[in-house]
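Step one of this worksheet: look at the structure below.
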Amino acid sequence: MRNRSQPCVLGILVSGNGSNLQAIIDRIEAGELDARIACVISNNSEAFALTRAKAHNIPAVVHENSGFRERREYDAALVDILQGYGVELVVLAGFMRILTDVMVNAFPNAIMNIHPALLPAFPGLHAQQQALDYGVKYSGCTVHFVDCGTDTGPIILQAVVPVNQDDTEETLSARIQAEEHRTFPEAVRLFIEGRITVNGRLVRIQA
Ligand code: GRF
């Protein structure tokens, strides 16, 4: 159980634009999330998310694949960085890597990911295009705890959006992202407030 007298310490992992990172920063700065982002870590030195972090005086760490022979070694070094910052909750905000047991076991039920589809439909890459190709009438986003599979962990929150007949990957992605920016900070808030319990696959949220 975390020390509730202090803001929850977040470590946010990114690979790209970082709009979900920005949504969480904005909620913290608005006083709506009792959290502190201790570090933003990217496997991609070009990620715009790093620029966003620096603009808010958040330590921005580049942790690239090169130099690591296997994924478990990369993850062991990642665990060291996160623990060095005292991170309590790891937030995957567009982090384009599958985690190994090394990371998952270091932060049990304390790693969250956001996926741009209604899991278990359309896991993996290009979820929005997968939804369009399948012809579903509704899609959305899913916040879930991370296990060693691809988008398979226990589901915390989901939000639904309609799929329009003339949608492109871009228009559907934009509609889903608006929900991501609302849903992800909400899931982080539930964690911070100690309102999430996990029993196997099942997540219960206390009112
Ligand atoms: C989001 O669509 C999220 O669902 C997926 O990666 C994307 C990240 O976007 N996991 P951003 O970098 O937060 O803008």
Side-chain angles (χ1 to χ4, degrees), residues 10-29 33 35 37 39-56 58 60-65 75 78 89-99 103-104 107 110-134 136 138-163 167-189 191:
L10 308 182
I12 304 198
L13 308 191
V14 296
S15 299
N17 177 27
S19 67
N20 281 284
L21 164 68
Q22 190 67 55
I24 293 169
I25 291 172
D26 292 348
R27 292 282 291 269
I28 291 172
E29 292 186 351
L33 273 183
I37 303 175
C39 57
V40 169
I41 303 174
S42 177
N43 62 332
N44 167 18
S45 61
E46 305 287 308
F48 183 62
L50 292 168
T51 304
R52 296 183 191 266
K54 289 174 197 157
H56 292 267
I58 299 166
V61 180
V62 176
H63 182 49
E64 287 178 312
N65 306 347
D75 278 8
L78 187 55
L89 174 65
V90 180
V91 177
L92 308 189
F95 187 59
M96 303 303 284
R97 287 180 69 97
I98 305 298
L99 299 183
M103 261 295 288
V104 171
F107 294 94
I111 308 174
M112 282 184 187
N113 182 48
I114 182 123
H115 182 74
L118 295 175
L119 292 170
F122 315 129
L125 295 174
H126 304 294
Q128 303 93 331
Q129 188 62 51
Q130 289 186 55
L132 290 172
D133 292 344
Y134 200 92
V136 293
Y138 291 90
S139 190
C141 62
T142 303
V143 183
H144 63 93
F145 285 118
V146 172
D147 61 15
C148 293
T150 302
D151 304 318
T152 50
I155 291 171
I156 304 165
L157 291 177
Q158 295 185 300
V160 178
V161 306
V163 179
D167 265 335
T168 62
E169 188 175 10
E170 289 69 33
T171 59
L172 178 58
S173 297
R175 194 174 308 119
I176 291 171
Q177 277 233 312
E179 291 302 314
E180 291 183 9
H181 299 159
R182 188 181 59 77
T183 309
F184 212 2
E186 177 64 13
V188 171
R189 188 174 66 84
F191 180 95

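Any value given below was found using the heavy atoms of this structure, including those in side chains, with hydrogens, waters and symmetry copies removed. Every number for a ligand or one of its atoms is a count from 1 in the order of the listing. A quick note: this is a predicted structure, and the numbers were derived from the prediction, not measured.
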N or O contact, [X] vs ligand 1, cut-off under 3.5 Å:
| X | result |
| --- | --- |
| Gln128 | no |
| Gln177 | yes |
| Gly18 | yes |
| Ile114 | yes |

Which residues pass the side-chain hydrogen bond (donor to acceptor under 3.5 Å, both in side chains) test with Asp167, sequence neighbours left out?
Thr171, Arg175
Top protein contact for [atom], by heavy-atom distance:
| atom | value |
| --- | --- |
| atom 2 (O) of ligand 1 | Glu180 OE2, 3.1 Å |
| atom 8 (C) of ligand 1 | Gly94 CA, 3.6 Å |
| atom 14 (O) of ligand 1 | Ser19 OG, 2.5 Å |

Is the side chain of [X] donor-acceptor paired with the backbone N or O of [Y] at a distance under 3.5 Å, no angle test?
| X | Y | value |
| --- | --- | --- |
| Gln130 | Pro123 | yes |
| Ser139 | Ala131 | no |
| Thr142 | Leu119 | yes |
| Ser15 | Met96 | yes |
| Glu179 | Gly140 | no |

